[in-house]
Structures are given as C-alpha cells and as structure tokens.
Asks: 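This is the structure I want to talk about, given as structure tokens.
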Amino acid sequence: AAAYDAGMSIGIMADLAVGVHPGGADATNLTGVLAPEASVGAPADGYNQNGQDWSQPPWHPRKLAEAGYRPWRDMLRTVLRHSGGIRVDHILGLFRLWWIPRGQSPLTGTYVHYDYNALVGILALEAERAGAVVIGEDLGTCEQWVQDVLAARGIMGTSILWFERSPSVDGPRHQGEYRPLALSSVTTHDLPPTAGYLADEHVALRERLGLLTEPAEQVRAEARLERERMLTRLREHGLLGDDPSEREIVEALHRYVVRTPSALVGVALVDGVGERRAQNQPGTDQEYPNWKIPLADGSGSPVLIEDLPDNVRLASLLAAVRDEMTR
C-alpha cells in the first residue's frame, strides 16, 4: 500500500528465483517434487565459456505434474499476494532446464523439457487473478517461438541493450526493433555496471577468474568492437558528441533505451552512482563475492542510502531518463 501511495502505479515488483538453496527449508519441504541429485545451470556461452552451475535442485517435471502443479501454483499465489508485479528469473526454465549431475562440470549437463503450457498457463492465470504484471527474464539460449509463446500470454520479455543485435545489420539493434512487450534496460545484475562494462571490466573479471576459453586479447578486441558500434549508433541518433565523458555515455545509453517502444524501462542503481564492480558473476561461488559488493562510486568511495537524494550523478541520470520520457 505504501508503494502505491508513493505514486508507484505497479507497486512492489517481486522477484522469483529459478530455484532454492539445496540445503534450505524449501528444498526440504518440496523434496517430493524436486530432483536433488541434479543441479540447475546453463551451458557454455559467450559470457561464461565454461558453463554455469547455480547449485539449485530443479523441479522434477513428472513429479510436479503428478502433484497437479499445486506447489507451483501455491508459490505464485504467495509471491503475488503483496506484489503488483513479478519478475521470473530465467523464465526459459519453464520450457527446459539445463540439468547437471550434482558435483560434475556444467559441460556434462543436458536439457530436460517441461510442460510449458501448464507452467506458463498457471503463471498467467495467477497473475491475472492478482492483477499483476509479469516480466520474464528470457535471456540466454532459446528459439524465437519461446518468446512468441510468452508474448501471446501477455508475459513481458527482457531486453538488455548489450545483448540486442539487429537482424538487419551487423550491429546493435535499432530502437524501433525492440519489443513493445518488454522491460528494457542498459545492463543487468549479471554484468558489471555500465561504467565497468565500458572499461571492459567484464572481460578482465572473467580472465582473472579463469572463465575464458578463448584468448583474452581476442575477447577484449570483440568487446571494443561492440562498444565502438554502440557509440556509433548513439552518434547516429544525435545522443552523443565528440570526446564524451563516461557519465555522458552512460546517460546517452539510457536515453537510447527510453526511446525504444518497450513498455517498461529499468535503471540500475549502480549506473546512477558510477559503480564499476560487478554485483554477481554467474557460474562462480567462492571465487567471487557475489551479492556482497557494497555500493560505491567510480572511485570506490561508499555510497550510503541516505546519500542518494543528494547524489549529483544519480540526479543527472534520472533527469536524462525523465527528459526522454516526456518528449
């Protein structure tokens, strides 16, 4: 109620994780419909060439069906009870999940398929009953029909600027080519903040952690080409001048996303204060302090919640976003 009173038309947006901790209460209570001998993850891709193991036990498709999908329905009802919307992490997992034999390499995994009509149908039904918005994180390896199925049921997708490639040219996707039924943003929690990404921090971090299977210089060269193509696109749209500062580039990227037809636009707090360090590096556990990085500015100085209203860089970014939204 407080969120609505503060002018938030959707209210609080809940986040539904792809799974639960294998040693937690949920795993114990749901043991009858989970597969504890397996772990959920992802195959090798351009952002983690060794694959990913998220350590969570997956839903067992047959046992879940035998239970009439009640555990899935009950979980959704609980989440939506106090939320105006829900973001479903790795919503592709309602179609298929990368199962890894527990304790083995992600490269030994295989896809296990689910009855997506049942899982997606229940999700759409419970969201309709709750009057909630649904955003699916449909990033990763999937075929186009998967996004079509979600869109046909009114479920929004997720578009990340750096992942969007134009089908018509070799470069970033044009603004008008973005999906209307989507939440679009410049970055995601699985990448370094935009300031870090512009400085190739995503390459340097994966090199330090031994996550690259291709030569680092090759990956770094590809990152530079990606960045230059994006800056060229910004200049084509009159969003960037010559010799721009880091802050000007970050704001121009956000202006670009706001100009797309996407229904929702996301702005990451880390981009608002100039943070460079990644909050999470997928596929790692003890190798990196995931979700333990305290918020800081580009120089590494801590930024407290109490300081945000007076943060000049955050105010400038939000002003740029509002300016584009009112055009």
Side-chain angles (χ1 to χ4, degrees), residues 14-65 67 69 71-72 74-76 78-79 86-114 116 119 123 135-142 146 158 160 163 187-192 202 205-213 270 277-294:
D15 191 279
L16 183 63
V18 68
V20 298
H21 192 285
D26 291 309
T28 300
N29 293 334
L30 295 172
T31 185
V33 289
L34 296 178
E37 70 281 359
S39 179
V40 175
D45 58 27
Y47 288 87
N48 194 319
Q49 297 168 0
N50 292 319
Q52 302 174 39
D53 184 347
W54 304 331
S55 79
Q56 301 144 332
W59 292 110
H60 192 296
R62 179 173 55 80
K63 293 179 180 178
L64 190 59
Y69 296 96
W72 171 241
D74 292 345
M75 182 171 61
L76 291 172
T78 301
V79 172
I86 181 174
R87 171 191 173 273
V88 182
D89 187 35
H90 194 61
I91 200 169
L92 306 180
L94 303 186
F95 296 78
R96 65 180 186 180
L97 272 176
W98 187 254
W99 281 31
I100 306 163
R102 190 161 291 279
Q104 295 191 25
S105 165
L107 300 179
T108 67
T110 189
Y111 279 115
V112 174
H113 291 258
Y114 291 78
Y116 67 86
L119 292 170
L123 171 61
I135 300 171
E137 189 209 26
D138 54 352
L139 306 174
T141 304
C142 72
V146 171
T158 301
I160 303 301
F163 298 161
T187 190
T188 171
H189 57 275
D190 288 334
L191 293 177
H202 56 302
L205 177 59
R206 284 149 54 203
E207 182 182 15
R208 289 198 305 271
L209 297 177
L211 300 177
L212 298 178
T213 59
V270 287
R277 300 167 299 173
Q279 300 299 303
N280 179 53
Q281 176 55 52
T284 62
D285 183 15
Q286 302 302 313
E287 307 97 311
Y288 189 75
N290 295 314
W291 311 116
K292 300 175 184 176
I293 305 293

Asks: Could you tell me the separation between the CG atom of Asp26 and the OG1 atom of Thr31, rounded to the nearest 0.5 Å?
Replies: 12.0 Å
Asks: Are any of the side-chain heavy atoms of His113 and Arg96 separated by less than 4.5 Å?
Replies: yes
Asks: Measure the NE2-CG distance between His90 and Leu139 for me, rounded to the nearest 0.5 Å.
Replies: 10.0 Å
Asks: Taking the six-membered ring for Trp, are Tyr116 and Phe95 parallel (under 30°), tilted (30 to 60°) or perpendicular (over 60°)?
Replies: parallel
Asks: Short question: side chain of Thr108, backbone of Gln104 - any donor-acceptor pair under 3.5 Å?
Replies: no
Asks: At their closest point, which heavy atom of Leu205 faces which heavy atom of Ala278, and how far apart are they?
Replies: CD2-CB, 4.0 Å
Asks: Do the non-hydrogen side-chain atoms of Tyr114 and Trp59 ever get within less than 4.5 Å of each other?
Replies: yes
Asks: In Å, rounded to the nearest 0.5 Å, how long is the span from CG of Leu64 to NE2 of His60?
Replies: 10.0 Å
Asks: Counting distance only, does the side-chain N/O of Asp285 pair as donor-acceptor with the main-chain N or O of Asp53 below 3.5 Å?
Replies: no
Asks: Return the set of residues passing side-chain hydrogen bond (donor to acceptor under 3.5 Å, both in side chains) with Trp72 (not counting sequence neighbours), or none when no residue passes.
Replies: none
Asks: Side chain to side chain contact (heavy atoms under 4.5 Å, CB included) between Leu212 and Glu207: does it pass, once the steps are laid out?
Replies: CA-CA 6 Å; Leu212 298 178; Glu207 182 182 15; 3.9 Å; yes
Asks: Work out which heavy atom in Glu137 is nearest to a heavy atom in Asp190; give both atom names and the distance.
Replies: OE2-OD2, 4.2 Å
Asks: Exactly one of Thr158, Asn280, Ile160 should register a side-chain contact (heavy atoms from CB on, under 4.5 Å) with Thr188. Which one does?
Replies: Ile160
Asks: Locate the shortest heavy-atom distance separating Gln52 from Pro282; write the atom from each residue and the value.
Replies: OE1-CB, 3.0 Å
Asks: Is there side-chain contact between Gln281 and Leu211, with heavy atoms separated by less than 4.5 Å?
Replies: yes
Asks: Using every non-hydrogen atom in the two residues, find where Pro106 and Trp98 come nearest and quote the distance to one decimal.
Replies: O-NE1, 2.9 Å
Asks: Any chance you could lay out the side chain to side chain contact (heavy atoms under 4.5 Å, CB included) test for Val270 and Ile293, step after step, and finish with the verdict?
Replies: CA-CA 11 Å; Val270 287; Ile293 305 293; over 6 Å; no
Asks: With a 4.5 Å cut-off on side-chain heavy atoms, are Thr213 and Asn50 touching?
Replies: yes
Asks: Do Val88 and Leu123 come within less than 4.5 Å of each other through their side chains, counting heavy atoms only?
Replies: yes
Asks: Val112 versus Pro58: any side-chain heavy-atom pair under 4.5 Å?
Replies: no
Asks: Check Ala27 against Leu34 and note the closest heavy-atom contact, atom names and distance.
Replies: CA-CD1, 3.9 Å
Asks: Indicate yes or no: at least one non-hydrogen side-chain atom of Leu30 is less than 4.5 angstrom from one of Lys63.
Replies: no
Asks: Under 3.5 Å, is there a donor on one side chain and an acceptor on the other for Thr284 and Asn290?
Replies: yes
Asks: Let me confirm one number: the CG-CG distance from Asp89 to Leu92, rounded to the nearest 0.5 Å.
Replies: 10.0 Å
Asks: Nearest 0.5 Å, please: how far is NZ in Lys292 from CD in Gln279?
Replies: 13.0 Å
Asks: Supply the atom-to-atom distance Ile135 CD1 to Arg87 CZ, rounded to the nearest 0.5 angstrom.
Replies: 8.5 Å
Asks: Do Arg102 and Pro57 come within less than 4.5 Å of each other through their side chains, counting heavy atoms only?
Replies: yes
Asks: Considering non-hydrogen atoms only, spot the tightest contact between Ala44 and Leu107 and give its length.
Replies: CB-CD2, 4.0 Å
